[in-house]
Amino acid sequence: MTHPIEKASGDDSVSGADIAENPERVRSMHRTAATRAVAKASPAATSKTLKGKDGAGRPQRATASEVSAWKKANKATIAETAKHFDLPPTIAKRWCAVA
């Protein structure tokens, strides 16, 4: 039998004693692992989240290449570029430096 402190340590390894002692815990761990695998593979395959949404987080307002190209074409400052794309100036500066 596993010591109670060892069980509380968060160890995910499954021993023979655990299987005999609590088979539901083992099934739950397998279901969780399978769901995690699907969740990790889903965005790469379909570009959607596990629940079918388009993505997690706020939609991007513009891309770095768009911002940089607009700034160069209009000979604009970082502040003007940030205002045009409704971006924080720090993001506009970073994107213009990268592209």
Inset, instruction - Could you tell me the separation between the CZ atom of Arg36 and the CZ atom of Arg31, rounded to the nearest 0.5 Å? - result: 12.5 Å
Could you pull out all donor-acceptor pairs under 3.5 Å where a side-chain atom in residues 78-89 meets a protein atom, sequence neighbours excluded?
residue	atom	partner	partner atom	Å
Glu80	OE1	Thr77	N	2.9
Thr81	OG1	Thr77	O	2.8
His84	NE2	Trp70	NE1	3.4

Inset, instruction - Please list, chain by chain and in numerical order, all residues satisfying salt bridge (charged side-chain N to carboxylate O under 4.0 Å, His left out) with Arg27, sequence neighbours excluded. - result: Glu24
Legend entry - With sequence neighbours excluded, residues passing side chain to side chain donor-acceptor pair (under 3.5 Å) with Thr32: none
